[in-house]
Amino acid sequence: MTTTTSTFRALAAVLAVSAAAYGVAANAQTTETDPASKPGVVEKTKELGHEAASATKRGAKKVGDATSNAASKSAAAVRHTGERIGSKLPPAPRDEGLNAQGQPRTPAN
């Protein structure tokens with residue numbers, strides 16, 4: 001029984017290799033009927049240029065969004081820190097000669 005099994009395995013391997021060889025030979029013999037249908041170097045270069053430009057645009061948008069997000073968080077942190085410091089300071093004395101920003105009032109002429 002072992003000789004029958006090994007014979008079938010060898011036969012299957014030979015058939016598979018020969019079928020693959022015929023397929024490779026047939027594929028090698030076929031030619032492109034219309035070489036103009038394939039894009040040339042110029043078209044490929046243009047396509048790659050467009051892809052690179054869109055990738056750059058996407059990357060720039062991501063960087064812009066990240067920068068905006070970081071700036072927003074930084075501004076919020078500065079405001080929060082200022083509010084915390086301001087809450088610990090005693091209230092300023094009221095001087096009637098100063099405006100709301102603490103600058104001297106100018107007389108209206």
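- The NE2 atom of H50 lies 11.0 Å from the OG1 atom of T45; values are rounded to the nearest 0.5 Å.
- To the nearest 0.5 Å, atom CD1 of residue I85 and atom NE2 of residue H80 are 10.5 Å apart.
- A donor-acceptor pair is defined here as one N or O able to donate and one able to accept, closer than 3.5 Å; such a pair exists between the side chain of S74 and the backbone of A70.
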